[in-house]
K.L.:
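Structure provided below as structure tokens; questions to follow.
The chains referred to below are lettered A, B, ... by the order of the sequence lines, with proteins before strands, and numbering in each begins at 1.
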Amino acid sequence: MRYSKFFLPTLKEVPAEAEVISHKLLLRAGMIRKLASGLYSYLPLGLRSLRKVEKIIREEMDRAGAQEVLLPMVQPSELWKESGRWERYGKELLRFEDRHGRASCLGPTHEEVITDIVRKEIRSYRDLPLNLYQIQTKFRDEIRPRFGLMRSREFLMKDAYSFDVDDDALEKTYQVMYKAYCRIFERCGLDFRPVEADTGSIGGHASHEFMVMADTGEDQIACCTSCDYAANVELAPVIQSSNHQITKSPNHQITKVSTPGKRSVEEVTEFLGVSADCLVKTLIVIADDRPVAALIRGDHELNDVKLMRLLGVEGLNFADDATVRSVTGAPVGFAGPVGLSEGLKVVADQDVSILKNFVTGANEPDAHFTGVNWGRDVSMPEFADIRVITEGDPCPRCKGKIELKRGIEVGHIFKLGTKYSEVLGATFLDADGKKQLAVMGCYGIGVGRTVAAAIEQNHDENGIIFPIPIAPFEVIISLINVKDTVMSKAAEDLYNGLMAQGVEVLLDDRKERPGVKFKDADLLGIPLRIVVGKRLEEKNEVEIRSRVTGETISVIKNEAVKKVVEILQ
RNA sequence: CGGGACGUGGCUCAGUCUGGUAGAGCACAGCGUUCGGGACGCUGGGGUCGGAGGUUCAAAUCCUCUCGUCCCGACCA
């Protein structure tokens, strides 16, 4: 491709709308443009990267035995009513009526449609296993689209759905897909980690997320420093701690102390001269519609996913000031377990069960209790693991140490089981002629997000540093002086020579000054840059520079093609 | 949806507090000089100041409403 003919509008300055680095660079490098909130157009350069990721995904899906299909984006409400998700999915499901008044939606995911196909076409265990995938646009009417391609409303997703005869067969399929996912992200040149994950609204038993490691990632991952355990912090179980400095001391008297205006854990502990792990904070949350008190050690954090699971509810929010006041009798910051009304559900984290002589709010303004003890001062609540795992906690698998890292979720695989085959009636006859439910799995990859994550992980102050497999071009030739016929000829020869070798190359033949060409080349993140400049007339040499290392080598013009092909291997 | 910020040539922003004839840099067009890390000079084109009401002799500026964008929380590839 010739740069002078290529539609590639780069930006010198960062558009005001972009906050995160991938978003800024995608815009600056002329890869995407925004149409409206959460809606982006891919420009030619962006599309090239997107297509490369797609190609890798297709190859690995096909290798894993999945077959490509293409399902409709517009879907009838009837199917969604059958699965129960028309009511349950919430406002992310964009619903509308067609001209005949038929309720429809834009597909945010395709379990319903695929299961409908399978239930109509699959009769026998001989037809299974079956694994179908598509790469298609999804629409989710996100409450808050953000970060450019990271969370857009319309986005390109690879989604696969597997159907097996039983759990064992699903397990095998799941493993095959797990490996395929690893290969995909390896081939994309990304530093990633599969982590155990929550199943969320899709449902099912087991799942893994594939996280591209990046400090700017939205997800926190608990990783073991000794074994290969890694899990989303939402899910990572906490091993109950068995010892605590306070457990050996004798019981103190419960004492009400005045703590005027001291609400936060820091304020109270500093005021009373105790450490945060000797304080029990009482969080009033609204679970679905019911207030619940959650007791957590002062230095720990509530894990709302764990609490939601424990309570069996779908929604969890912190109570507002008025609710806290009516439930505890005190403003926010002074709640405690002592003397809470009988009717209020109380759940305590397991790690507060061994505490003695702890500090809590006194359920009245500007007052706390010290020396609180279980049994004597407060009846034992329900104890459970409801906190977020933290750095230094023991690994749930090997008792090694946990460290926290950040990642971007680019893929997610689930064992769905019979959740959808049951409600939609996807059955087959087994070898004994008995009707059985198909056992399903589903597997998603955010294609655009993968490109964004790659940038988030690979960039510097000058721009993108694309991994070679997903770079929009492998090589850019910076022709320093287009008016110099010798240089131009050399650049053309290189350009044609590289293309003949199947190398994807962008020839910067614009009438621009060298500085402009260098800046743009860096911004676009093309892995190799060949400079055809003054070394050509001096020594008949061109320079090959690596975008990653900045390392530059000079080679004789006629050997450049060979050298480039060699480096790209 | 709750909380916060912002809408001024294509882009980045100043001007708004304290009302008085819309500015800069970049980009764009022309000419000249330059030419290995986003050049310089001269000339030129381009803006209903997001929109609608209102206050005023006078509104980018003050008031009301509205639309849009971004950031922080719940969702998720």
Side-chain angles (χ1 to χ4, degrees), chain A residues 9-20 23 27-28 33-39 53 57 89-93 108-110 135-160 181 197-202 207 209-212 218-219 232 234 285-286 304-305 308 314-318 320 408-414 442-453 462-463 478-484 487 510-523 529 531-536 538 543 545 550 552:
Chain A
T10 59
L11 265 25
K12 220 186 261 191
E13 283 175 291
V14 184
E17 71 198 39
E19 193 72 18
V20 299
H23 190 194
L27 287 166
R28 286 194 55 209
R33 285 295 182 261
K34 186 179 70 179
L35 175 64
S37 180
L39 302 175
V53 175
I57 291 173
Y89 206 95
K91 290 193 175 164
E92 281 73 43
L93 183 66
T109 174
H110 283 68
I135 295 177
Q136 196 236 26
T137 298
K138 296 283 182 282
F139 192 92
R140 295 183 189 171
D141 201 358
E142 297 279 351
I143 302 169
R144 182 153 85 91
R146 25 173 184 179
F147 305 152
L149 292 189
M150 293 290 226
R151 179 178 308 281
S152 49
R153 292 194 293 167
E154 192 177 303
F155 61 99
L156 195 65
M157 175 164 155
K158 188 286 298 181
D159 47 328
Y181 270 50
D198 183 53
T199 49
S201 67
I202 306 269
S207 90
E209 288 166 334
F210 288 77
M211 296 284 189
V212 168
E218 280 193 89
D219 290 278
N232 196 309
E234 289 174 352
V285 297
I286 303 296
D304 48 359
V305 173
M308 282 202 289
E314 311 231 316
L316 197 76
N317 286 300
F318 282 107
D320 58 24
I408 300 161
E409 181 192 351
V410 290
H412 201 162
I413 61 177
F414 302 79
C442 78
Y443 317 87
I445 292 178
V447 185
R449 186 186 277 185
T450 300
V451 174
N462 294 316
S478 299
L479 170 55
I480 295 304
N481 186 355
V482 277
K483 288 184 191 137
D484 183 313
M487 271 189 212
R510 293 175 299 168
K511 291 191 192 75
E512 290 287 353
R513 294 162 56 88
V516 173
K517 297 193 176 194
F518 293 153
K519 287 288 185 189
D520 273 333
D522 284 351
L523 177 61
R529 179 174 90 200
V531 180
V532 181
K534 62 185 176 205
R535 291 188 87 92
L536 187 77
E538 288 166 5
E543 293 150 62
R545 181 186 167 96
T552 307

K.L.:
Reckon A:Val516 touches a base, only the sugar-phosphate, or nothing at all at heavy-atom distances under 4.0 Å?
P.N.:
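The residue A:Val516 makes base contact.
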K.L.:
Over how many whole Å does the gap from A:Met150 atom CE to B:C71 atom C1' extend?
P.N.:
16 Å
K.L.:
Taking CD from A:Glu218 and P from B:C71, how many angstroms apart are they, rounded to a whole number?
P.N.:
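In whole Å, B:C71 P and A:Glu218 CD are 10 Å from each other.
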K.L.:
Looking only at side-chain atoms of A:Arg144, point me to the closest of B:A77, B:C72, B:G36.
P.N.:
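For A:Arg144, the side-chain atoms sit closest to B:C72.
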K.L.:
Under the 5.5 Å and 30° test, is A:Phe518 stacked on the base of B:G36?
P.N.:
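No.
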K.L.:
Once you round it to whole Å, what is the distance between C1' of B:A39 and NZ of A:Lys519?
P.N.:
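Result: 14 Å.
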K.L.:
Checking all strands, does A:Glu142 fall into the base, sugar-phosphate, or nothing category for heavy-atom contacts under 4.0 angstrom?
P.N.:
base
K.L.:
Looking at every strand, decide which applies to A:Gly515 at a 4.0 Å heavy-atom threshold: base, sugar-phosphate, or nothing.
P.N.:
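Sugar-phosphate: the residue A:Gly515, judged by heavy atoms under 4.0 Å, touches backbone atoms but no base.
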K.L.:
Closer than 4.0 Å, any side-chain N/O of A:Arg146 to the OP1 or OP2 of B:C75?
P.N.:
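Negative; the distance criterion is not met.
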K.L.:
Within the structure shown, what part of the strands sits under 4.0 Å from A:Lys91 by heavy-atom distance: base, sugar-phosphate, or nothing?
P.N.:
nothing
K.L.:
What nucleic acid atoms does A:Gly411 come within less than 4.0 Å of, heavy atoms only: base, sugar-phosphate, or nothing?
P.N.:
sugar-phosphate
K.L.:
Can you check the A:Ile445 CD1 to B:A77 P distance for me, whole Å?
P.N.:
12 Å
K.L.:
Under 4.0 angstrom, heavy atoms only, what part of the nucleic acid is A:Val447 near: base, sugar-phosphate, or nothing?
P.N.:
nothing
K.L.:
Roughly how far apart, to the nearest Å, are B:C72 and B:C35 at atom P?
P.N.:
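Per the computed distance, 47 Å lies between those P atoms.
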K.L.:
Name the closest nucleotide to the A:Phe147 side chain, picking from B:C35, B:G38, B:C72.
P.N.:
B:C72
K.L.:
Rounded to the nearest Å, what distance is computed from the CZ atom of residue A:Arg28 to the C1' atom of nucleotide B:U12?
P.N.:
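In whole Å, B:U12 C1' lies 12 Å from A:Arg28 CZ.
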K.L.:
Can you identify which nucleotide, out of B:U12, B:C35, B:A74, has its nearest atom closest to the A:Asp304 side chain?
P.N.:
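Selected nucleotide (nearest to the side chain): B:A74.
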K.L.:
Across the strands shown, which category fits A:Ala18 at heavy-atom distances under 4.0 angstrom: base, sugar-phosphate, nothing?
P.N.:
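No contact.
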K.L.:
Select base, sugar-phosphate, or nothing to describe what A:Arg529 touches, counting heavy atoms under 4.0 Å on all strands.
P.N.:
base
K.L.:
Can you identify which nucleotide, out of B:C75, B:U69, B:C1, has its nearest atom closest to the A:Ala36 side chain?
P.N.:
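The listed nucleotide nearest to A:Ala36's side chain is B:U69.
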K.L.:
Using whole Å, what does the distance between atom P of nucleotide B:G36 and atom CG of A:Asp484 come to?
P.N.:
12 Å
K.L.:
With a 4.0 Å cut-off on heavy atoms, is A:Asn462 in touch with a base, just the backbone sugar-phosphate, or nothing at all?
P.N.:
nothing
K.L.:
Ignoring the backbone of A:Ile143, work out which of B:C76, B:C1, B:C70 is nearest its side chain.
P.N.:
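The answer is B:C1, which lies nearest to the side chain.
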K.L.:
What distance separates A:Arg140 CZ from A:Glu92 CD, expressed to the nearest 0.5 Å?
P.N.:
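CD of A:Glu92 is found 9.0 Å from CZ of A:Arg140.
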K.L.:
For B:A24, give the paired nucleotide (Watson-Crick: N1-N3 plus N6-O4 or O6-N4; G-U: N1-O2 and O6-N3; both under 3.5 Å), or none.
P.N.:
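Partner of B:A24: B:U12.
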